[in-house]
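Report on the following structure.
Predicted model, so just to flag it, every value in this text is computed and none were measured. Chain identifiers are assigned alphabetically (A, B, ...) following the order of the sequence lines, protein sequences preceding nucleic acid strands; residue numbering begins at 1 within each chain.
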Amino acid sequence: MIEKQAVVIGSGPAGLAASIEAAKRGVEVLVVDENSLPGGQLFKQIHKFFGSADHRAGIRGFNIGQDLLEEARKNGVEIWLDSAVIGIFPGRELAVEKGEGNGNKTLQKIKAQKIVIATGASENAVSFPGWTLPGVMSAGAVQTFINVQRVLPGERFLMVGSGNVGLIVTYQLMQAGADVAAIVEAAGSIGGYAVHAAKVRRAGVPIRLNTTIKKAGGQEELEWAEICQVDSSWQPIPGTEETLEVDTIAIAAGLKPLIQLARMQGCHVEFIPELGGWVPLHDKNMETTCPGIFVVGDSAGVEEANTALEEGRLAGVAIAEAVGTISPSRAILEKEEIWKRLENLRLGPFGEHRLLAKKKIIEEGNRQWKRE
Amino acid sequence: MDRRIKKHPILGEGKQGEEVTVYFDGRPLSGKKGETVAATIIATGHRINRFTRKMGSPRGIFCGIGQCTDCVMVVNGIPNTRTCVTLVEDGMIIETQRGTKGGGAEND
């Protein structure tokens with residue numbers, strides 16, 4: 001059995017940030033990722049991030065990913081790719097199906113002093129007649145194809161959902177040379193940032209509010225989509241149906257945390273709609289109700305890349321403190337600074353509800369702790 | 001049909017990479033080292049990866065990150081291979097999957 005001070009599951013922004021901060025403080029860190037490329041979803045993000053200079057405003061997501069990888073390597077973080085954690089067992093033992101680089105896999109057992117779950121999120125589906133046809137896919141899948149694989153999965157698209165993912169992927173589809181017939185949004189207002197919505201509208205894509213997808217069809221692949229208006233209780237209004245000739249529907253209906261490993265281990269989870277659904281409770285250090293197991297980034301509640309980075313850093317510092325490579329007095333100061341930055345990220349109309357939800361998680365997490 | 005993106009305002013020219021040849025349902029296709037099996041196939045405009053076991057209805061890409069398993073195909077004789085997270089290799093044999101077992105007509 002291999003022994004490690006810290007094992008981080010997932011090499012997206014949260015996992016890499018946790019690894020870097022822990023490694024910088026003298027902790028021996030192994031990152032395990034089931035994908036063949038590290039970086040999580042950052043490499044799909046070709047748009048510039050906003051916010052403050054602290055949060056790399058104006059820098060494109062894939063550049064942030066590259067910087068993080070470089071920093072992780074520089075600090076001696078070991079990364080296993082093509083390697084899936086298939087279980088966490090009592091005593092913080094992990095079973096990993098490790099990719100050996102030649103297509104072969106071996107089963108490795110690792111005993112970790114600390115584990116960080118940074119597994120991210122998966123996209124929600126919307127089901128309607130015809131949704132299983134080839135050509136109906138998640139907006140994230142579309143983004144992976146156009147920005148990472150550099151192929152267009154269709155020619156003429158309908159986007160379902162006007163949150164930031166829906167708006168950004170629409171714009172990126174146009175940059176890739178595709179045509180977007182419309183964005184439909186069942187709610188009465190646009191879900192994402194006004195800046196992104198304005199860009200899409202200027203490019204000539206209508207955003208149809210109070211409108212949803214009703215059904216879709218085609219021989220063996222998608223050929224058309226029927227949209228309709230909905231009333232204030234989200235019911236379709238008869239007579240408002242309209243058929244659009246599209247060969248691809250992209251669904252941008254939000255994300256939910258990937259928490260299978262946390263659940264398997266018995267971490268206490270609660271349903272928090274503001275953060276995407278079932279979320280493992282955690283304390284201010286990002287430690288779950290299972291001692292020594294931390295959860296960060298989207299798997300600790302769906303937010304965005306910058307909050308994921310800060311949560312990762314927090315866990316990294318907390319782990320260094322717990323393992324004893326830094327003093328508690330240094331840790332207190334460093335964590336205080338990260339908490340301040342996290343609070344700033346959760347301000348404003350888009351952040352406030354997440355701030356409250358996170359406070360609830362921490363309060364509830366502390367209560368669960370006392371029980372155990 | 002060629003669905004590769006050759007010009008892009010931010011990413012520049014298309015994906016660079018060594019050319020590889022794969023065989024899709026017996027036909028040779030050219031792919032690029034570093035891309036996924038799903039991308040190689042979609043680049044030719046083909047979007048049906050498999051037909052379901054009971055109804056025989058077509059399925060293609062859905063999530064693109066290895067979570068949903070809708071895009072599985074028979075790759076080098078191994079059924080249920082997630083093509084969105086499997087990278088192409090020279091000489092790879094890729095078959096449309098029928099049911100849960102394999103590329104042939106023989107299915108449960």
Item to check | Under 4.5 Å from a heavy atom of chain A, the part of B:Ile61 involved | outcome: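 Both backbone and side chain.
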Checklist entry - So which part of B:Leu11 gets closer than 4.5 Å to some heavy atom of chain A, the side chain, the backbone, both or neither? => result both
Among [options], who wins on heavy-atom pairs under 4.5 Å with chain B?
options	answer
A:Ser122, A:Gly135, A:Gly140	A:Gly135
A:Ile251, A:Asn147, A:Asp82, A:Leu133	A:Asn147
A:Gly120, A:Gly177, A:Gly154	A:Gly154

Should [X] and [Y] count as side-chain neighbours, where that means a heavy-atom distance under 4.5 Å?
X	Y	value
A:Leu258	B:Gln67	yes
A:Arg150	B:Lys32	no
A:Glu123	B:Ile65	no

Are more than 12 heavy atoms, taken from residues, nucleotides or ligands other than [X], located less than 6.0 Å from that residue's [atom1] atom?
X	atom1	value
A:Lys256	NZ	yes
B:Lys33	NZ	no
B:Glu19	CD	yes

Looking at every heavy atom in both [X] and [Y], which two are closest together, and how far apart are they?
X	Y	value
B:Ala43	A:Val151	CB-CG1, 3.7 Å
A:Ala141	B:Cys63	CB-O, 3.3 Å
B:Gly60	A:Pro134	N-CG, 3.7 Å
B:Ile5	A:Ala176	CD1-CB, 3.6 Å
B:Ala38	A:Phe145	CB-CZ, 3.9 Å

Next on the checklist: Let's test your reading of the structure: which of B:Pro58, B:Gly64, B:Pro9 forms the most heavy-atom pairs below 4.5 Å with chain A?
Outcome noted: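 It is B:Pro58.
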Next on the checklist: At a heavy-atom distance under 4.5 Å, which candidate from B:Arg59, B:Glu89, B:Glu35 has the highest pair count against chain A?
Outcome noted: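 It is B:Arg59.
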Can you say whether [X] sits under 4.5 Å from chain B via the side chain, the backbone, both, or neither, judging by heavy atoms?
X	result
A:Asp247	both
A:Ser36	side chain
A:Gln260	side chain
A:Glu34	side chain

Checklist entry - About how many Å separate OG of B:Ser57 and CD of A:Glu220, when rounded to the nearest 0.5 Å? => result 9.5 Å
Next on the checklist: So, applying salt bridge (charged side-chain N to carboxylate O under 4.0 Å, His left out) with B:Arg47, which one of A:Glu221, A:Glu223, A:Glu155 is it?
Outcome noted: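 Result: among A:Glu221, A:Glu223, A:Glu155, A:Glu221 is the only option passing the salt bridge (charged side-chain N to carboxylate O under 4.0 Å, His left out) with B:Arg47.
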